[in-house]
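Residue numbers begin at 1 in each chain, while the letters A, B, ... track the order of the sequences.
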There are 2 protein chains.
Amino acid sequence: MEAQAQMPGLVRGEGLTAWRQIADALIADIATGLYTAGQQLPSEAALAARFAVNRHTVRRALAALAEGGLVRASQGRGTFVEAAPLAYPIGPRTRFSEIVAGAGREAWGDLLAAATVPAGAEQAEALALAPGAPVLELLTVHRADETPLSTALTWLPLPRFSGFSEAYAARGSITRAFAACGVDDYTRLSTRIRARPADAQEAERLDIAPGRVVMVVSSVNIDAAGVPIQANRTLFAADRVELVIGG
Amino acid sequence: MEAQAQMPGLVRGEGLTAWRQIADALIADIATGLYTAGQQLPSEAALAARFAVNRHTVRRALAALAEGGLVRASQGRGTFVEAAPLAYPIGPRTRFSEIVAGAGREAWGDLLAAATVPAGAEQAEALALAPGAPVLELLTVHRADETPLSTALTWLPLPRFSGFSEAYAARGSITRAFAACGVDDYTRLSTRIRARPADAQEAERLDIAPGRVVMVVSSVNIDAAGVPIQANRTLFAADRVELVIGG
DNA sequence: GATTATTTGTTCGTATGTATA
DNA sequence: CTATACATACGAACAAATAAT
């Protein structure tokens with residue numbers, strides 16, 4: 001055993017594991033701004049050389065950072081510093097597009113699928129419909145500057161919102177699609193929040209690793225007359241969003 | 001093809017998939033109390049026989065229930081009904097003891113540790129103190145009928161709340177401890193919600209497996225005069241609690 | 001479009017130290 | 001004291017995705 005102290009600050013055999021010290025060093029580098037949000041870290045090979053350890057040891061340290069949502073690895077591209085989580089106010093007038101735009105980022109929603117389905121028990125109750133009544137089900141992904149923040153399943157009562165899919169696909173915003181359907185204003189009636197690991201499909205839609213945590217926000221929106229117009233189950237990537245109430 | 005309608009209510013080839021109908025039937029069974037929390041469901045084979053479908057179809061239905069947190073499968077043991085999460089309203093007058101009591105369960109908070117520490121940057125800002133000013137730091141666990149629902153780190157400005165630890169330990173409630181310190185009313189100023197896996201210590205305090213998801217709720221409480229009296233970081237076991245806003 | 005280089009992801013194998021039964 | 005399990009670390013090779021040529 002020799003040549004163990006080639007990297008300043010990396011002390012071997014003193015209780016602190018090598019990967020933990022490397023992780024701390026990288027955390028400090030990010031905190032001090034040496035690496036900034038969106039920036040690519042040096043390759044695993046380069047970091048292994050810098051700290052004079054095996055590439056596996058660097059990978060263990062990077063895994064710890066990824067666990068905390070600080071960085072994200074992308075096969076074939078590199079490892080990148082994640083942006084600080086976006087503060088997402090939840091209230092009676094929650095609007096994804098306005099929140100993202102207010103943070104200086106560009107908002108867009110992609111329509112992945114649309115189908116007419118009979119309302120399940122939960123959706124029927126939320127929308128005050130008979131169970132089995134036809135509703136429009138939309139699967140969407142919502143991005144801020146190309147980064148997916150959330151994915152949602154949305155149910156809309158159907159005779160009324162038959163043209164919603166096309167309006168949403170063209171405008172990329174629930175608010176604007178509602179406006180195109182004659183709904184100028186709407187408010188949030190109720191919100192319920194849970195959290196759990198993402199399954200494989202959800203993870204792919206949000207561009208996160210399977211098993212990472214998502215916050216599940218179930219809500220109901222009503223129009224100015226108090227009629228329920230939208231039941232919603234939105235999954236937020238917990239690493240990228242912080243829900244804010246009041247304040 | 002024959003013998004496809006042995007189970008009442010299961011209609012094939014009518015838009016509703018078989019697995020969706022089976023899922024709805026099981027949801028109804030759980031809702032009506034046929035299967036109760038903690039109880040083991042019939043085996044997949046038994047359910048396949050009951051609905052006259054292949055076991056794969058039952059598995060698809062059970063996967064949908066597990067997705068929603070209604071049941072949990074355990075390899076080699078069986079599939080069990082999960083306890084319904086406690087609806088936990090988050091608002092300006094959030095009181096743990098009242099919420100739990102309102103659900104017909106007994107609330108109690110245990111004080112695990114108390115210490116006088118210098119305020120960190122975050123706590124100092126929340127409490128409008130100078131960084132490093134002495135604050136009382138409490139580590140608590142909150143139970144409903146012996147089941148831990150949450151664990152919290154609480155910071156209180158110190159000249160004012162020197163007797164808080166003893167008051168809390170004796171009364172098992174933040175609200176009652178505040179009353180003992182002369183604070184008759186307080187309201188929640190702001191709330192921020194994140195979610196992540198629990199580490200080993202947190203998991204032990206909440207009596208959950210390490211890595212299970214916790215919702216991290218950071219809040220600030222103010223007294224009737226608008227003075228910040230408490231900064232708080234509460235971890236909820238995501239399987240046991242559903243946060244509710246408005247409605 | 002095809003090729004090549006770069007980068008992360010995965011899986012072997014080996015060795016060592018540490019905590020536990 | 002021994003045996004077992006687990007975590008840590010190094011080495012090598014290959015697979016898979018991406019970017020540049």
Just by modelled atom types, is the [Y] backbone N or O under 3.5 Å from a matching donor or acceptor in the [X] side chain?
X	Y	answer
A:N54	A:H56	yes
A:Q123	A:G120	yes
A:Q39	A:T36	yes
A:R72	A:D207	yes
A:R192	B:V244	no

Residue mapping more 5' on DNA chain D - nearest nucleotide basis, A:G76 or A:R55:
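Between the two, 5'-proximity favours A:R55.
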
Nearest of [options] to any side-chain atom of [X]?
X	options	answer
A:H56	D:dA12, C:dG9, D:dA9	D:dA12
A:N54	D:dA19, C:dT10, D:dG11	D:dG11
A:R77	C:dT10, C:dT7, D:dA19	D:dA19

Roughly how many Å is it from [atom1] in [X] to [atom2] in [N], rounded to a whole number?
X	N	atom1	atom2	answer
A:E44	C:dT10	CD	P	11 Å
A:F51	D:dC10	CZ	C1'	17 Å
A:R59	D:dC10	CZ	C1'	15 Å
A:R20	C:dT18	CZ	P	20 Å

List, with names and distances, any nitrogen or oxygen atoms from the protein found under 3.5 Å away from nitrogen or oxygen atoms belonging to nucleotides 6-8 of chain D.
{"residue": "D:dT8", "atom": "OP1", "partner": "A:W19", "partner atom": "NE1", "Å": "3.3"}

So, OP1 or OP2 of D:dC10: does either fall under 4.0 Å of a side-chain N or O from A:T57?
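Looking at the OP1 and OP2 atoms of D:dC10, one of them is under 4.0 Å from a side-chain N or O of A:T57.
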
I want to check one thing: is the phosphate of C:dT8, taken as OP1 and OP2, less than 4.0 Å away from some side-chain N or O of A:T79?
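Affirmative; the distance criterion is met.
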
Kindly give the heavy-atom pair with the smallest separation between A:G163 and A:C181, and that separation in Å.
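That closest heavy-atom pairing would be C-SG, 4.4 Å.
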
